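Bear in mind that the values here come from a model prediction, so they are computed numbers and not experimental data. Each ligand, and each atom within it, is numbered from 1 in the order the structure gives.
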Amino acid sequence: MERVVAGNWKMHHGPSATRAFFRDFQPDLGAAPPTLIVFPPALSLAAAVESRGGRPEVALGVQNLHWEPKGAFTGEISASMALEAGARYALVGHSERRHIFGETDEHVARKVRSAALEGLTPVICVGETLDERRAGRVDEVVLRQLHSALEGLSETPGKRFLVAYEPVWAIGTGETATPEDASAAHGTLRRALHAALGAEWAQRVPLLYGGSVKPENARGLLEADDVDGVLVGGASLDPASFAAIAEAAL
Ligand code: PEP
């Protein structure tokens, strides 16, 4: 299974900080590195394209997009614009988009559709809040979010995508799910992919864990069953700590 280490910079690192990051990002990954993806702010994408050169190869993505290809949508960017600017991946349904900006499952499905149709690989984010976890609703919530997002892929069968399980209570809080919590949710997601798309495909979709991943806890999480990679927020801003996390995926 493909190993993936992705960094979501959120609203951090303008163009000059982006150049400095790639100058200093020098992980020691040998001949079989994990897939590395960085999601800079859209305004820093061009700087990332210019400065990410050399080894290891780092793919780029956008943190959000609009589902329409163009139009009167002030402040938005489309999948085709992101692709033209050098993005190959799109984060869709990040919990900050859902909870701060009111994105619904239906919006997420439309964004997944647009990303896939235009040629970006969607990274579908799902995860429960603390109240939902306390109410024993983890499976119900992540399965609802997953199935709704998969509807966005109905016109692009065979299109590669990734799923990131990011429990909302663990994002930016310093609280990390245990490897067992991550495995349990990932197992649920894997079984759902199996039921929806078949065994072979279910084994091909990388399942990433996200939520306060740091160099100190990355290895334990990456060794957990059904955890194929990590989506890292805060710790991906620093080149040395993101490099250490990438090395933990070897
Ligand atoms: C994220 O933003 O996707 C994330 C997981 O953030 P953090 O690692 O800072 O919790």
Which of the numbered atoms in ligand 1 are below 4.0 angstrom from a heavy atom of N8?
1 (C), 2 (O), 3 (O)
Record the part of A170 in heavy-atom contact with ligand 1 below 4.0 Å; permitted values are side chain, backbone, both and neither.
backbone
Can you find an N or O of V232 that's nearer than 3.5 Å to an N or O of ligand 1?
no
The atoms of ligand 1 lying under 4.0 Å from a heavy atom of S212, numbered in the order shown, are 7 (P), 8 (O), 10 (O)
Salt bridge or not for R113 and E155, using N-O below 4.0 Å?
yes
Short N or O distance, E166 and ligand 1, threshold 3.5 Å exclusive
yes
So is S236 in contact with ligand 1, going by heavy-atom distances below 4.0 Å?
no
I need the atoms of ligand 1 closer than 4.0 Å to a non-hydrogen atom of G172, numbered in the order shown.
7 (P), 9 (O), 10 (O)
Partner of E132 by side chain to side chain contact (heavy atoms under 4.5 Å, CB included), out of V168, V142, V141
V141
Using a distance-only test with no angle check, is there a side-chain donor-acceptor pair under 3.5 angstrom linking T35 and E2?
yes
Looking at R219 and E223, does any basic side-chain N land under 4.0 Å from a carboxylate oxygen?
no
The protein heavy atom nearest to atom 1 (C) of ligand 1 is H94 NE2, 3.3 Å
State if K214 counts as touching ligand 1 under the rule of any non-hydrogen atom under 4.0 Å.
no
Under a 4.0 Å threshold between the charged nitrogen and the carboxylate oxygen, would R190 count as salt-bridged to D228?
yes
At what distance is the nearest protein heavy atom to atom 8 (O) of ligand 1, and which residue and atom is it?
G233 N, 2.8 Å
Return yes when atom CD of E57 has more than 12 non-hydrogen atoms of other residues, nucleotides or ligands closer than 6.0 Å, and no otherwise.
no
How far is atom 9 (O) of ligand 1 from its nearest protein heavy atom, and which residue and atom is that?
G234 N, 2.8 Å
Structural part of I171 in contact with ligand 1, heavy atom criterion under 4.0 angstrom:
both
Would you please classify the geometry between the Y165 ring and the Y209 ring as parallel, tilted or perpendicular, with 30° and 60° separating the classes?
tilted
I would like to know whether H107 and T104 meet side chain to side chain donor-acceptor pair (under 3.5 Å); could you show each step before the answer?
CA-CA 5 Å; H107 295 149; T104 63; 3.3 Å; yes
Which other residues end up in the same hydrophobic cluster as L231, if Ile, Leu, Val, Met, Phe, Trp and Tyr are linked when side-chain heavy atoms come under 4.5 Å apart?
V4, I37, F39, Y89, L91, V123, L162, L208
For atom CZ of R144, decide whether the heavy atoms of other residues, nucleotides or ligands shown that lie under 6.0 angstrom number more than 12.
yes
For atom 2 (O) of ligand 1, grab the closest protein heavy atom and report residue, atom and distance to one decimal in Å.
K10 CE, 2.6 Å
Heavy atom of G211, distance to ligand 1 below 4.0 Å:
yes
If the cut-off is 4.0 Å to any non-hydrogen atom of G210, which atoms of ligand 1 fall inside it?
5 (C)
